There are 2 protein chains.
Amino acid sequence: MEFYVQHPRFLVAVDCVIFGYEEGELKLLIYPRAFEPEKGKWSLMGGFIQQAESSDEAAARVLKETTGLNEIFLEQVSTFSASDREPSERVISVAYFALIKIERYKKNKTREFGAKWWPVNELPPLIFDHNEMVLQSLKKLQQKAGHSLVGSELLPSKFTLLQLRKLYEAIYQRSFDPGNFRKKMLSLGALEKLDQKNSTESKKGAYYYRVKPDKTELELERIIKY
Amino acid sequence: MEFYVQHPRFLVAVDCVIFGYEEGELKLLIYPRAFEPEKGKWSLMGGFIQQAESSDEAAARVLKETTGLNEIFLEQVSTFSASDREPSERVISVAYFALIKIERYKKNKTREFGAKWWPVNELPPLIFDHNEMVLQSLKKLQQKAGHSLVGSELLPSKFTLLQLRKLYEAIYQRSFDPGNFRKKMLSLGALEKLDQKNSTESKKGAYYYRVKPDKTELELERIIKY
DNA sequence: TCAAAAGTGTTGGAGGTACACCCATGT
DNA sequence: ACATGGGTGTACCTCCAACACTTTTGA
């Protein structure tokens with residue numbers, strides 16, 4: 001027991017890389033830091049882990065406090081622990097990435113924190129190692145999107161295949177052949193065609209789809225063979 | 001600044017999941033815990049992060065102390081932070097996985113710590129959440145092996161294709177077609193045939209190969225397309 | 001001589017890419 | 001009428017799984 005005592009203790013924080021999707025662009029929710037050091041500079045949403053709270057719980061709490069949303073997709077990215085990553089005092093930080101539907105996001109929270117949705121590929125410099133956290137999160141998001149359908153996390157509950165394709169194009173920063181993309185996505189058997197059509201984005205109108213309720217967690221089995 | 005003060009501080013540890021490969025089996029280095037609580041029970045190699053030391057550095061130090069080896073492949077797996085993960089006192093732990101060549105491992109260190117190489121699929125129960133750490137590490141290892149050549153980390157510097165295949169079979173817990181495996185691996189252009197032959201494992205004798213010096217970091221581009 | 005690994009070749013199928021083509025419709 | 005996305009079909013290519021077959025050599 002006394003073995004434990006002699007070791008140093010650290011402040012441990014969580015930082016959330018919050019992805020949203022709007023107007024054909026993948027966006028990130030960042031805000032001007034509210035306190036010193038680096039007060040006013042752009043930063044990820046973060047907070048310190050409290051007693052009797054796991055880092056997962058802390059990340060969910062931070063997300064709830066800053067966006068007003070519960071039950072968000074959250075995944076741990078990595079822990080950042082360079083001893084000089086914050087100038088004034090040592091803080092170890094566990095980075096998380098979150099996917100939220102911007103439509104659900106409570107706008108009033110924006111004002112409260114001065115937060116801003118910012119396109120991921122035009123991000124300003126962030127404090128400390130937050131840009132690195134974003135890079136790693138983007139990679140994780142690409143991985144996740146590669147073997148599960150992120151549509152249900154980032155898009156409205158019903159969406160057209162054009163919208164889904166645009167989302168994937170935003171995530172991978174490349175374009176996909178419309179015909180092939182459609183066939184691929186439908187062949188997975190995870191999408192359900194609705195009766196409703198969306199006519200705002202094309203003359204002909206495209207059917208809405210939704211993720212089949214039981215297939216939300218579908219693994220697209222892009223499994224490594226070798 | 002005073003904002004920082006009011007938050008709790010935590011002991012932060014690293015735990016190392018150390019993979020080795022021997023006699024056709026993927027093995028893990030574990031040892032009987034040297035202090036309370038859970039003294040004597042099987043445990044991963046771990047240690048507390050010290051002042052002015054990052055978790056990466058701490059993991060490398062723990063590895064050095066317990067195996068005598070420097071410059072080992074080490075990768076962060078995940079951070080475990082459930083508030084009750086250790087019964088007596090709260091500790092947040094960053095798990096790492098390491099790949100080492102058992103041949104290089106200093107045997108005297110075994111005696112010093114009572115450590116033991118244990119086949120991964122016959123592991124005894126480990127303390128706390130260490131079994132979970134092992135599971136996640138194995139997944140990471142499979143991922144890594146899926147798009148880079150782990151041969152150079154786990155095998156001697158020269159190896160036959162049989163040895164490489166047995167290693168991959170151990171990692172993925174499945175068998176590969178010998179002919180296809182050979183063709184696949186050679187087609188990557190990362191292996192160099194040596195003049196020497198190994199005659200201990202077959203009558204005919206198999207040529208040794210090594211990873212081309214410039215291809216150690218080769219990505220096998222098993223890239224997500226969609 | 002036979003078993004077992006080394007090493008090469010062939011074949012069929014699955015799935016991805018590129019691209020042609022028709023459909024529906026608002027402007 | 002025409003531009004635009006919706007939606008379908010096809011030809012080609014790559015890669016992989018399965019498996020046949022020959023070679024070598026120690027037991």
Side-chain angles (χ1 to χ4, degrees), chain A residues 23-24 142 145-147 149 151 155 158-170 172-210 218-226, chain B residues 23-24 142 145-147 149 151 155 158-170 172-210 218-226:
Chain A
E23 294 165 9
Q142 290 177 346
H147 56 82
L149 224 47
L155 290 173
K158 57 185 183 190
F159 49 83
T160 65
L161 281 162
L162 175 63
Q163 291 167 340
L164 185 63
R165 176 163 59 85
K166 292 285 181 201
L167 168 61
Y168 269 76
E169 292 183 340
Y172 289 107
Q173 313 266 39
R174 52 160 288 199
S175 62
F176 294 98
D177 179 277
N180 294 337
F181 185 84
R182 146 187 298 279
K183 272 178 289 188
K184 174 67 181 175
M185 285 304 174
L186 292 180
S187 76
L188 300 171
L191 294 181
E192 186 175 17
K193 192 186 209 165
L194 304 179
D195 286 334
Q196 229 175 337
K197 272 195 162 189
N198 168 331
S199 300
T200 65
E201 283 170 310
S202 75
K203 329 280 181 173
K204 186 175 174 180
Y207 280 104
Y208 278 117
Y209 287 80
R210 66 168 179 185
L218 173 79
E219 291 289 319
L220 305 197
E221 58 179 51
R222 188 158 293 281
I223 289 171
I224 292 110
K225 298 287 172 45
Y226 271 42
Chain B
E23 294 166 9
Q142 291 178 344
H147 56 82
L149 224 46
L155 290 173
K158 57 185 184 189
F159 48 84
T160 65
L161 281 162
L162 176 62
Q163 291 167 341
L164 185 63
R165 177 162 59 87
K166 292 286 183 199
L167 168 61
Y168 269 77
E169 293 183 339
Y172 289 107
Q173 311 267 40
R174 51 160 288 197
S175 62
F176 294 98
D177 179 277
N180 295 337
F181 185 84
R182 146 185 298 279
K183 273 176 288 187
K184 174 69 180 172
M185 284 305 174
L186 293 179
S187 74
L188 300 173
L191 293 181
E192 186 174 16
K193 191 186 208 164
L194 303 179
D195 286 334
Q196 231 175 335
K197 272 194 162 190
N198 169 332
S199 300
T200 65
E201 285 169 309
S202 76
K203 329 280 183 174
K204 185 174 175 181
Y207 280 104
Y208 279 117
Y209 287 81
R210 67 168 179 184
L218 173 80
E219 291 288 319
L220 305 197
E221 58 177 51
R222 190 158 291 280
I223 290 172
I224 291 110
K225 298 289 172 40
Y226 270 43

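Remember, it's a predicted structure, so these values are computed and weren't measured experimentally. Per chain, numbering begins at 1; letters A, B, ... match sequence-line order.
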Is a side-chain donor or acceptor of [X] paired with a backbone partner of [Y] at a separation under 3.5 angstrom?
| X | Y | result |
| --- | --- | --- |
| B:Tyr172 | B:Gly146 | yes |
| B:Tyr207 | B:Asp195 | no |
| A:Tyr168 | A:Ser175 | no |

Between atom [atom1] in [X] and atom [atom2] in [N], what is the gap in whole Å?
| X | N | atom1 | atom2 | answer |
| --- | --- | --- | --- | --- |
| A:Glu201 | D:dG7 | CD | P | 12 Å |
| B:Leu164 | C:dA6 | CG | C1' | 15 Å |
| B:Met185 | C:dA6 | CE | C1' | 17 Å |
| A:Gln163 | D:dG7 | CD | P | 12 Å |
| A:Tyr208 | D:dG6 | OH | P | 12 Å |
| B:Asn198 | C:dA5 | CG | C1' | 11 Å |
| B:Leu188 | D:dC15 | CG | P | 11 Å |
| A:Leu194 | D:dG6 | CG | P | 16 Å |

Could you pull out all donor-acceptor pairs under 3.5 Å where a side-chain atom in residues 159-167 of chain B meets a protein atom, sequence neighbours excluded?
from, atom 1, to, atom 2, distance (Å)
B:Thr160, OG1, B:Leu162, N, 3.4
B:Thr160, OG1, B:Gln163, N, 3.1
B:Gln163, OE1, B:Thr160, N, 2.9
B:Gln163, NE2, B:Glu201, OE1, 3.1
B:Arg165, NH1, B:Glu169, OE2, 3.2

- So, is A:Lys184 near the phosphate of C:dG16, with a side-chain N or O under 4.0 Å from OP1 or OP2? yes

- Any side-chain N or O of A:Arg182 less than 4.0 Å from the OP1 or OP2 oxygen of D:dT8? yes

- Item | nucleotides 19-27 of chain C: protein proximity per nucleotide (B base, S sugar-phosphate only, - neither; heavy atom, under 4.0 Å) | B---BBBS-

Student check: side-chain heavy atoms of [X] and [Y] closer than 4.5 Å:
| X | Y | result |
| --- | --- | --- |
| A:Arg210 | A:Tyr208 | no |
| A:Met185 | A:Leu149 | yes |
| A:Phe181 | A:Lys183 | no |

- Task: For B:Leu161, answer base if it contacts any base atom (sugar-phosphate contacts may also be present), sugar-phosphate if it contacts only those atoms, and nothing otherwise; contact means non-hydrogen atoms under 4.0 Å.
- Result: nothing

